[in-house]
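Accompanying notes for the structure given below.
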2 protein chains.
Amino acid sequence: VILTVTLNTALDVTYDVAVLTPYASHRVGAVSRRAGGKGINVARVLAALGETTVVTGLAGGPTGAAIRQDLAAAGLRDALVEVSAESRSTVTVVDPEGATGFNEPGGGVQPQEWEAFCASFTGLARTADVVVLSGSLPPGVPTDAYARLVGIAAAHGARTLVDSEGDPLLAALSAHPDLVKPNAAELAATVATDDPLTGALTLRSVGAGAVVVTLGADGLLGVTAGGAWRARPPERVAGNATGAGDACAAALAAGLRARTPWPVRLQNAVALSAAAVRSPLAGDFDHPTYRRLSAAVTLEDLHAIDLDR
Amino acid sequence: VILTVTLNTALDVTYDVAVLTPYASHRVGAVSRRAGGKGINVARVLAALGETTVVTGLAGGPTGAAIRQDLAAAGLRDALVEVSAESRSTVTVVDPEGATGFNEPGGGVQPQEWEAFCASFTGLARTADVVVLSGSLPPGVPTDAYARLVGIAAAHGARTLVDSEGDPLLAALSAHPDLVKPNAAELAATVATDDPLTGALTLRSVGAGAVVVTLGADGLLGVTAGGAWRARPPERVAGNATGAGDACAAALAAGLRARTPWPVRLQNAVALSAAAVRSPLAGDFDHPTYRRLSAAVTLEDLHAIDLDR
């Protein structure tokens, strides 16, 4: 079982309009409402890979109900914990020229609600092989939330992947997660370096078991206890990069569960990320692209680097 | 008891942003979610006037639940009928330069849901003194919906006000509503004339007991069986015209309930509309403006016109 945690769930609403005209009134054509937040996207990909997946996190109000309704429609197992504040929505207005996004801040979580979540999470962690902790923290959740959850998961024998940035990611390292997966921008926002390798080594030195830095169309960098690799897609893939990072996290989580050797795990992650770029919706991926690229990702062994420098 | 009917309820969402930039991502500041649709706005104003008010109409899905939650928060009596399709939302993005609106189409109503509504409405009509039927019809509701509801209401002794336009308004006239209240543009979209007086006389000739045509900042025109009047505000009022028509409908409904003499009723309607313009949200009005203008609206008796021409 892979348990994905989305503390800052969202209802992702997409509006199709003929043309976006500021200060005009628009008749919306197609409307899509989809449960979102990074961990939910990860769970969608995992479910499509055939992994047994459970979704937890926080949801509240009618928007929380809409999120849960969509999880049910997608066949995802819902272990979300109810909070009093209304969950946030994101609205994306799409016209032929592009997408315009509006992101709500989200409501505050009460201290007793956070404690109730931790209690529920402890129960779920008992049955989990891998726990994936994804995304930002909503207001009211303490900065060391991921550290606490990683500690609980590890105490119950689950391996952990943290996909976040900044202070919540740094705080999580003290609990020694098995894997952290920032992209290059998130890494730079977390440690004071623009060099992915230096940044990855820094995160390992302060507690991460392994670090995967995603590099967009250039693939990724993996730094583990047993070696370091650069994996690159065999070709440039055009499409929608939203959700590529979540697909990467899903591949890495599946690899953690199956204890796939790191080189294969990294190649898989690059192929699945590229396949997600070929799909318009976060949480989906293009299966033919995934199959085609899986065997074609190039791997460079960075054996010369000193992992403990 | 005044019963307001909103078949096409909406959740009116307002986002404050620093500046609207097409094709960018926006962090939303303040978020407001409010139950909307013309009849709900009318009910808010009526409740603020001290009228006993019941809200009915159709609502569905998590958005319907959000609408009902807001009605409860506003202390409005909720007799909405549940439907399977999700209620529509409207999103208004406000920056210092103005407002940009996105209006969802709304889901379809099933025939048996419409029948269930009519059954529920029949029960509610028994206790109503006045029934206010406001706004557009959602997909799936027949064009003669207001005609049927006016007939049911009249059979139970309730007086009726229809605030709609186009085919649903025309169809309603066959059931002889006591009052219809188009604005000048709605009137022109319903009967083929740009002259409000000609249009009002036409609507009376095909079945309306009385016709009030709102004329924006110029006040209104009232044509009744007992006479015709022009009522004008004593001054130009600056502000947000959204909701002014609903405030006018509320004043007219309260006048129908209390059988206030027409001249006073029309003056009240102009004062309350102007007070609504002074309030940023539809369904609210500025009480000092209402009190100040109530005695100051000018009335012109159009005694020279032939009401049966």
Side-chain angles (χ1 to χ4, degrees), chain A residues 10-35 59-73 84-108 136 139 241-242, chain B residues 9-35 59-73 84-108 136 139 242:
Chain A
L11 185 68
D12 291 332
V13 181
T14 305
Y15 286 165
D16 282 353
V17 301
V19 55
L20 174 62
T21 310
Y23 315 119
S25 183
H26 299 75
R27 199 176 287 266
V28 173
V31 177
S32 123
R33 295 188 142 72
R34 201 169 146 106
T63 304
I67 289 168
R68 306 183 84 143
Q69 197 175 74
D70 186 58
L71 291 180
S84 52
E86 174 126 27
S87 294
R88 68 197 170 105
S89 293
T90 72
V91 174
T92 304
V93 177
V94 176
D95 76 7
E97 295 299 309
T100 307
F102 302 97
N103 299 305
E104 294 185 11
S136 55
T242 313
Chain B
T9 53
L11 185 68
D12 291 331
V13 181
T14 306
Y15 286 166
D16 282 353
V17 301
V19 55
L20 174 63
T21 311
Y23 315 120
S25 183
H26 300 74
R27 198 176 286 266
V28 173
V31 177
S32 124
R33 295 189 141 72
R34 202 170 145 105
T63 303
I67 290 169
R68 306 183 85 143
Q69 197 176 73
D70 186 59
L71 291 180
S84 53
E86 173 127 28
S87 294
R88 68 197 170 105
S89 292
T90 73
V91 174
T92 304
V93 177
V94 176
D95 76 5
E97 295 299 309
T100 307
F102 302 98
N103 299 305
E104 294 184 11
S136 56
T242 313

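Throughout, a chain's letter reflects where its sequence line sits, starting with A, and its residues are numbered from 1.
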| Separation between OG1 of B/T92 and CG of B/D16, rounded to the nearest 0.5 Å | 10.5 Å

| request: With a 4.5 angstrom heavy-atom cut-off, could you sort out which part of B/A24 is near chain A: side chain, backbone, both or neither? | output: backbone

| query | Would you say the side-chain atoms of B/D95 pair up with the backbone N or O of B/V19, donor to acceptor, closer than 3.5 Å? | reply | no

| query | Is there a donor-acceptor pair under 3.5 Å between the side chain of A/H26 and the backbone N or O of B/G101? | reply | yes

| Where does B/V93 contact chain A at under 4.5 Å (heavy atoms): side chain, backbone, both or neither? | side chain

| When B/E104, B/R27, B/R68, B/E86 are compared by non-hydrogen pairs under 4.5 Å with chain A, the top option | B/E104

| query | So what's closer than 4.5 Å to chain A heavy atoms on B/R88: side chain, backbone, both or neither? | reply | neither

| remark: Looking only at A/G29, A/G64, A/A66, A/A99, most heavy-atom pairs under 4.5 Å shared with chain B are made by A/A99

| With only heavy atoms counted, which part of B/Y23 is less than 4.5 Å from chain A, the side chain, the backbone, both or neither? | both

| query | In terms of heavy-atom proximity below 4.5 Å to chain B, should A/T21 be classed as side chain, backbone, both, or neither? | reply | backbone

| task | Supply the atom-to-atom distance A/N103 CG to A/T90 OG1, rounded to the nearest 0.5 angstrom. | result | 5.5 Å

| Pick from A/P62, A/A30, A/S25: which one has the most heavy-atom pairs with chain B under 4.5 Å? | A/P62

| Can any side-chain N or O of A/T100 pair as donor or acceptor with the backbone N or O of B/P22 at less than 3.5 Å? | no

| query | With a 4.5 angstrom heavy-atom cut-off, which part of B/Q69 approaches chain A: side chain, backbone, both or neither? | reply | side chain

| said: Quick check for you: to the nearest 0.5 Å, what is the distance between A/R33 atom CZ and A/T63 atom OG1? | reply: 9.0 Å

| query | Parallel, tilted or perpendicular: which describes the rings of B/F102 and A/F102, with under 30° parallel and over 60° perpendicular? | reply | tilted

